[in-house]
Amino acid sequence: MHWSKQMIPTLRDVPQEAEIPSHQLMLRAGLIRKLSAGLYTFLPLGLKALKNVEQIVREEMDRAGALEVLMPALQTQDLWERSGRFGVMEEVMFKMNDRQNRLMVLGPTHEEVITELVAREISSYRQLPKNFYQIQNKFRDEIRPRFGLMRVKEFIMKDAYSFDVDTKAAEVSYQAMYAAYEHIFKRCGLRTTAVEADTGAMGGKASHEFMVVADAGEDGLVQCNQCTYAANVEQAESKGSPEPLSENDNRPLEEVATVNLRTIEEVAQFLKVPESRLIKTLIYSVDDKPVAVLVPGNRDVNEVKLARVLQAENLQLANDETVKKVTGASVGFAGGVGLSIPVYADLNLEGYKGAVIGGNKRDTHLLHVDIARDIQVTVYTDISFSKDKDSCPRCEGVLHEKRGIEVGHVFKLGTAYSKKLGAMYLDTHGKQQPTVMGCYGIGISRTLQAVIEQRHDKDGIQWPISLAPYPIQVLVLNPQHAESVEVAERLISDLTGIGVEVLYDDRDERPGVKFKDADLIGIPIRVSVGKRSCGKGVLEIKCREEKDVHEIKTANALDYLKTMIEKLNQALKPI
RNA sequence: CGGGGCGUAGCUCAGCCUGGUAGAGCGCUACGUUCGGGACGUAGAAGCCGUGGGUUCAAAUCCCGCCGCCCCGACCA
């Protein structure tokens, strides 16, 4: 492909709209252009790379025995009513009416559609297991699209759904997908970390997210420095901090005036104690009943964990009025002592002594709190967020907090959808059973951007050869120099002959411009031809990821390049 | 949706405070000189100053509304 015939609108300046490196580079390298917030056009180079991701995903899904289908993006609302998810998902769905005034939605995901299909088509254990996948556009009315392709309103996703006869068989399907995901991301040149995750609005029993560790990530995760434990912070078990939080203090409770000091920070500063010495008391409304929640002053309540512990449908911080009624004081002075509502205390607080807590009285806190002595705790349980440097819940190691981009997610769904939508089969005894489901997503477009986020330098993208729009780029430094052109075109024709697609920078530009653009768009192998190299009878070959330029005799160049491509491919082979 | 910022040429931005001829660099077109890491000269094209209203003799500039975009938060497979 001649550069002059391609459409590669590289930019010298960073567009104002882009903040993170991968987003900036996608725009500058001419991969994408924005139509509107959260909506992007893929330009030719971006589309080629995207299709390469798709192809890898397709190959690995096929290899894992999944069957490709394509479901409609446009769906009827009643399907969502039947699964009972219309309520939870309504906010993110684009909705419209057809000409018969039926309410339609653009699919944010496809559990409903596939389960409906399976309900109709599968009726016997003999037809199971099955795993269906598709690569298709999903639509979500995101509250805040951001970071280029990271979070958008329309994006490309691979979603797969497995159906099994029982939990044990479903586990096999789950593991097969987990393994396929490891292969996929490895082939994409990504380093990912699989973390235990919350299942959120998907429902279901267990899940893992595949994270690309990056500062620009939207999710927090913790990872053990010794064992393999890693989890989303939403989910991570908290074994607490290794540092001792309390001191041996057997003095009786004592009131202290804390006039207008409401926040943990203010009180800690005033009393000159570390924030961890305070006990944070929060009043929650749980399905309209108040409960008190106690966590160390330096930790935050994890509402996901809390909701799980309380088996709550609806959980929110209580309003000021309730707080006053329950504690007798306004927000800021609530404390766990002497409350007549259930008190849930974080595990980290067990055995706390010498603590400080709100006095349930305006402008008052209590000193020398001994939680066992002074507070009627209903139960100690894990309800706070894990923090950097917490002890690992699995071993003696220490957890480290990182940011991650979620590129894939695998869920064990159980039978919730199959029961609601009637995806039943007859077992060997002729009994009706619900299929046991799993679902597995990969953000294709997001993965593409995550690769750039992880593989770039100050000059531009560093594509893995598996995703690169072209594996090789040939620069003719001076198109006026007939011999250069001749040498270049002969090489290109040789490469094309063995099935290697080449980007040929034939533009009448100064060499510097071509070098800069080559680095920016990140083609893995660069071959330059100029007067100098022609004089020596060599070609200059450089790997985008390496510094050194290799001078290779023109006659040997083809073999050299073949080996180089092979080597680059080899490095991306899954184990 | 709450908080913050920004909308002026294709891109990056100045001009706005203190109202009076719409600017720079890059990019683009033509010609010439150049030609191994984003060249130089000359001549050009290109802007409803986001949008609607108001104030004023006069608005890119001051005031009000709206729209769009970006960031933080809340929210979210």
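Every value quoted in this text rests on a predicted model; they were computed, and no experiment measured them. All chains are named by letter (A, B, ...) in the order of the sequence lines, taking the proteins before the strands, and each is independently numbered beginning at 1.
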Flag the pair A:F210 / A:F185 as yes when their ring centroid distance falls below 6.0 Å, and as no otherwise. yes
Taking B:G38 as the reference, what is the distance to B:U61 when you measure between their P atoms (whole Å, please)? 41 Å
So A:Y181 and A:Y440, would you call those rings parallel, tilted or perpendicular, with 30° and 60° as cut-offs? perpendicular
Closest-nucleotide ordering on RNA chain B, the 5'-leading residue of A:E218 and A:L520: A:L520
Could you tell me the Watson-Crick or G-U partner of B:G19, where both distances fall under 3.5 Å? Say none if there is no partner. none
As a test of reading the structure: which of B:U34, B:G37, B:C72 is closest to the side chain of A:D519, going by heavy atoms? B:G37
For A:Q134, the side-chain hydrogen bond (donor to acceptor under 3.5 Å, both in side chains) test, sequence neighbours excluded, returns A:H110, A:D159
Residue pairs passing the ring-ring contact (aromatic ring centres under 6.0 Å, His included) test with at least one member in residues 502-530 of chain A, sequence neighbours excluded, are A:H2-A:Y504
Any chance you could list the contact pattern along nucleotides 11-16 of chain B? Use B for base contacts, S for sugar-phosphate-only contacts and - for none, protein heavy atoms under 4.0 Å, 5' to 3'. BSS---
In whole angstrom, what separates A:R144's CZ from B:G3's P? 15 Å
For nucleotides B:G41 and B:C26, find the distance between their P atoms and express it as a whole number of Å. 8 Å
Glycosidic conformation of B:U21, syn or anti, with 90° from 0 as the boundary? syn
Paired to B:C1 by Watson-Crick or G-U wobble criteria (both distances under 3.5 Å) is B:G73
Ion pair check, A:R403 and A:E218, cut-off under 4.0 Å: no
Which of residues 24-37 of chain A have a heavy atom under 4.0 Å from RNA chain B? A:R28, A:K34, A:S36, A:A37
Using the C1' atom as the reference point in each nucleotide, state the distance between B:A22 and B:C49 in Å, no decimals. 8 Å
Nucleic acid contacts of residues 469-481 of chain A, taken as heavy-atom distances under 4.0 Å to RNA chain B: A:L477
Is any side-chain heavy atom of A:D505 closer than 4.5 Å to one of A:V476? no
Holding to side-chain hydrogen bond (donor to acceptor under 3.5 Å, both in side chains), I want the full list of residues that pass it with A:T76, two or more places apart in sequence or in another chain. A:D78
Using the C1' atom in both, what is the distance from B:G7 to B:U21, to the nearest Å? 24 Å
Nearest-Å distance once atom C1' is located in both B:G53 and B:G10: 31 Å
Has A:R146 got a side-chain N or O lying under 4.0 Å from the OP1 or OP2 atom of B:C72? yes
